[in-house]
Amino acid sequence: MCGCILVLLAMVSPRLVLFLLWAFSDRMTIAFNSGWVGLLGFLFLPWTTLAWTAVYAPRSGVTGFGWFLVILAFLVDLASYGGGSRARTRRNAPST
């Protein structure tokens, strides 16, 4: 039940879900050796960080289909930056 709620919240804000995972579970400390990596991921690549946290296994790391999900999340992060840049350019362009 809790996983379903987190997935629905992630659609709204992946950073909120990352914060909730950090505050109420040990999943972030399992997935990342350093708190700095998690913090940088939280700030710059939230979807990638969330995907890594979800698919990381302590003994084997990320394997198989997990890599597909992490790469897909990375592409979503890049697309969000590209879409924001395009929207700013369109908004600041002079009207004719």
Side-chain angles (χ1 to χ4, degrees):
M1 179 70 175
C2 185
C4 294
I5 293 171
L6 289 177
V7 169
L8 291 174
L9 280 175
M11 297 300 172
V12 176
S13 174
R15 288 184 176 101
L16 174 63
V17 173
L18 285 170
F19 174 76
L20 292 174
L21 286 173
W22 172 77
F24 297 110
S25 77
D26 60 347
R27 194 71 196 138
M28 293 292 286
T29 55
I30 291 171
F32 298 106
N33 292 334
S34 169
W36 288 106
V37 176
L39 179 64
L40 290 173
F42 176 85
L43 294 174
F44 298 111
L45 297 171
W47 286 108
T48 306
T49 306
L50 187 59
W52 182 273
T53 303
V55 300
Y56 183 82
R59 293 181 190 228
S60 59
V62 178
T63 59
F65 187 68
W67 278 114
F68 173 75
L69 293 176
V70 170
I71 291 169
L72 182 65
F74 181 70
L75 293 174
V76 169
D77 280 329
L78 290 180
S80 68
Y81 284 123
S85 172
R86 195 169 339 143
R88 275 190 306 278
T89 305
R90 197 174 314 128
R91 185 177 53 227
N92 295 333
S95 340
T96 56

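In this chain, numbering begins with 1 at the start of the sequence shown. Source: prediction; values computed, not measured. Just the heavy atoms: all of them, side chains too, but no hydrogens, waters or symmetry mates, feed the values below.
Across every non-hydrogen atom of A10 and W47, the tightest pair is O-CH2, 2.9 Å.
For the side chain to side chain contact (heavy atoms under 4.5 Å, CB included) with V55, the lone residue among T63, L50, L69 that qualifies is L69.
Remark: the backbone N or O of P46 is not paired with any side-chain donor or acceptor of R15 at under 3.5 angstrom.
In the hydrophobic clustering of ILVMFWY residues, with side-chain heavy atoms under 4.5 Å counting as a link, L8 and L16 come out apart. Linking Ile, Leu, Val, Met, Phe, Trp and Tyr whenever their side-chain heavy atoms come within less than 4.5 Å puts F19 and W36 in one cluster. Under the 4.5 Å side-chain heavy-atom criterion for ILVMFWY residues, no single connected hydrophobic cluster contains both V12 and L18. Hydrophobic clustering, with ILVMFWY side chains joined whenever heavy atoms are under 4.5 angstrom apart, groups W22 together with L43. Put simply, Y56 and V7 are part of two different groups of oily side chains (I, L, V, M, F, W, Y) that touch within less than 4.5 Å, one to the next.
In this structure, the separation between CG on L45 and CG on L40 is 9.0 Å, given to the nearest 0.5 Å. Atoms OH and CZ, on Y81 and F44 in that order, are 7.0 Å from each other to the nearest 0.5 Å.
By the side chain to side chain donor-acceptor pair (under 3.5 Å) test, T48 pairs with D77, sequence neighbours left out.
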Could you please spell out the steps behind the side chain to side chain contact (heavy atoms under 4.5 Å, CB included) verdict for F42 and T49?
CA-CA 7 Å; F42 176 85; T49 306; 5.7 Å; no
Could you walk me through whether L21 and L6 satisfy the side chain to side chain contact (heavy atoms under 4.5 Å, CB included) test, starting with their C-alpha distance in whole Å, then the side-chain angles of each, then the deciding distance to 0.1 Å, before giving a yes or no?
CA-CA 9 Å; L21 286 173; L6 289 177; 4.0 Å; yes
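F32 and W52 have parallel rings, their planes meeting at less than 30° on a 0 to 90° scale where 60° marks the start of perpendicular.
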